[in-house]
Amino acid sequence: MTSRALLLGGTAEARDLAAVLAPRRDVEVISSLAGRVSDPALPAGTVRIGGFGGAEGLYRWLTGERIDVVIDATHPFATGISASAASACGRSGIPLLRLCRPPWLPGPGDDWIQVPAVADVPAALGEAGRVFLTIGRQGLPVFAGCDRHWFLVRTVDPPVDAVPPRMQLVLDRGPFTVEGETALLRTNRIDLVVTKNSGGPMTAAKLAACRQLGVPVLMIARPPTATSAVAEVSTVAEAASRLDRVITMRGTDGG
Ligand code: NAP
């Protein structure tokens, strides 16, 4: 019996998990992307792109497609889709697994100032003159009134909404290297870096570069996520193994 899994993605871990599961016969995986970036890195196997229409839309999609299990491997800051998954799975009884990379933690030599949310960053910029803003494009309107600071802004696609009045845009996507990040910080004489606590290796090089150069980091804490997940794991291997258990239980239940 083949189980049908929805893999909510948009992250490197989701792509890695899709690659692990794609050759398997006992599970058919449909990866889902929001469709936010113009040229997304596509996972292996079947892919659908675009929102579901909130928790209600996702519930209808899951039941209509006879999905047996949902794996939420979205970014730790993607709270909308995770809330929809928790709600739709709770309502339908479809098991939900959460794959979420661990947050970054400060180590010796790090100079981090933790802030609760993007909205709190402008008040925490202090006297920094040249700020590297690497928070994605969605949070940029928060900085539209910040005219005392100059920003180097890095995004994957060009911003569509309001941006800081004094800024230079760099379009790029990870993975980044420590050498590259160090050169970027030096060339632009950056004296403060602002980042979300995304975790994972793809974009961690900027933190090592800050450590080396003695540049402080404004670290935006992760938002809380509502979850009804039967298991929350942090690695692709753990997710595959928990998926096996769910599939086995389903076979035992005769579902
Ligand atoms: P979000 O606030 O949770 O999502 C907003 C809406 O986009 C959701 O309500 C849903 O629309 C749709 N959506 C999000 N992820 C989806 C998915 N995987 N498949 C189908 N629809 C999805 O998320 P976000 O912060 O805008 O992030 C969008 C995507 O980019 C996520 O998939 C995430 O994994 C990825 N990403 C986010 C960040 C970040 O910093 N937030 C960084 C890297 C990658 P409906 O309500 O219509 O279903």
Side-chain angles (χ1 to χ4, degrees), residues 5-18 29-43 45-65 67 69-89 91-92 96-101 103-104 115-119 121 133-143 153-157 159-161 171-176 194-204 206 218-227 229 232 234 236 239:
L6 172 68
L7 173 52
L8 296 167
T11 58
E13 303 81 77
R15 284 192 296 281
D16 291 347
L17 183 59
V29 176
I30 303 167
S31 287
S32 177
L33 304 178
R36 287 282 159 79
V37 296
S38 58
D39 180 22
L42 290 177
T46 307
V47 181
R48 67 164 297 286
I49 297 182
F52 295 93
E56 176 65 31
L58 180 57
Y59 170 80
R60 277 191 267 110
W61 191 93
L62 292 174
T63 47
E65 291 286 331
I67 296 296
V69 55
V70 176
I71 306 152
D72 176 6
T74 58
H75 191 272
F77 282 76
T79 50
I81 189 67
S82 291
S84 288
S87 165
C89 288
R91 183 175 160 197
S92 60
L96 171 67
L97 301 179
R98 172 84 174 129
L99 168 57
C100 188
R101 58 179 93 140
W104 293 315
V115 287
V118 177
V121 174
L133 205 47
T134 151
I135 58 163
R137 60 180 177 168
Q138 287 184 65
L140 293 178
V142 166
F143 299 88
V153 173
R154 182 166 68 197
T155 58
V156 174
D157 282 321
V160 284
D161 297 317
L171 296 179
D172 205 353
R173 73 168 83 188
F176 301 105
V194 180
T195 178
K196 294 172 176 173
N197 196 336
S198 298
M202 289 262 289
T203 56
K206 62 191 163 195
L218 268 188
M219 183 63 72
I220 302 164
R222 290 184 173 189
T225 0
T227 179
E232 183 156 347
S234 58
V236 168

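Atoms within each ligand, like the ligands themselves, are counted from 1 in listed order. Along the sequence shown, the residues carry numbers beginning at 1. Since the structure is predicted, the reported quantities are computational estimates derived from the model, not experimental observations.
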(message) At less than 4.0 angstrom from any non-hydrogen atom of T79, what atoms of ligand 1 do you find?
(response) 3 (O)

(message) Would L8 count as a polar contact of ligand 1, with the cut-off being nitrogen or oxygen pairs under 3.5 Å?
(response) no

(message) Give the atom numbers and elements of ligand 1 that come within less than 4.0 Å of a heavy atom of G10.
(response) 34 (O), 35 (C), 36 (N), 44 (C)

(message) At less than 4.0 angstrom from any non-hydrogen atom of G54, what atoms of ligand 1 do you find?
(response) 45 (P), 46 (O), 47 (O), 48 (O)

(request) Using a 4.0 Å heavy-atom cut-off, say whether H75 meets ligand 1 through its side chain, its backbone, both or neither. (result) both

(message) Is there a polar contact, in the sense of an N or O pair closer than 3.5 Å, between S32 and ligand 1?
(response) yes

(message) For ligand 1 and K196, I'd like to know whether there is a polar contact (N/O to N/O, distance under 3.5 Å).
(response) yes

(request) Starting from atom 48 (O) of ligand 1, find the nearest protein heavy-atom neighbour and note its residue, name and distance. (result) F52 N, 2.7 Å

(request) Tell me which protein heavy atom sits closest to atom 25 (O) of ligand 1, plus the residue, atom name and distance to 0.1 Å. (result) A78 CA, 3.6 Å

(message) Evaluate T11 for polar contact with ligand 1, using N/O atom pairs at a separation under 3.5 Å.
(response) no

(message) Using a 4.0 Å heavy-atom cut-off, which part of I135 comes near ligand 1: side chain, backbone, both, or neither?
(response) neither

(message) Can you name the atoms of ligand 1, numbered from 1 with element, that are less than 4.0 Å from a heavy atom of G51?
(response) 11 (O), 21 (N), 45 (P), 47 (O), 48 (O)

(request) State which residues pass side-chain contact (heavy atoms from CB on, under 4.5 Å) with V47; sequence neighbours excluded, sorted by chain then number. (result) S31, L33, L42, P43, I49

(request) Look only at the side chain of R154 and the backbone of L133, and say whether a donor-acceptor pair between them is shorter than 3.5 Å. (result) no

(message) Does either side chain, that of T63 or that of S92, offer a donor lying less than 3.5 Å from an acceptor on the other one?
(response) no

(request) Look at ligand 1 and say whether G136 reaches it with a heavy atom at a distance under 4.0 Å. (result) no

(request) Check if G50 has a non-hydrogen atom at a distance under 4.0 Å from any atom of ligand 1. (result) yes

(request) Can you sort out which atoms of ligand 1 are near G80, meaning under 4.0 Å from one of its heavy atoms? (result) 1 (P), 2 (O), 3 (O)

(request) Going by heavy-atom distance to atom 28 (C) of ligand 1, choose the closest among E56, M202, R36. (result) R36

(request) Number the atoms of ligand 1 from 1 as they appear, then name those within less than 4.0 Å of a heavy atom of L33, with their elements. (result) 17 (C), 18 (N), 19 (N), 20 (C)

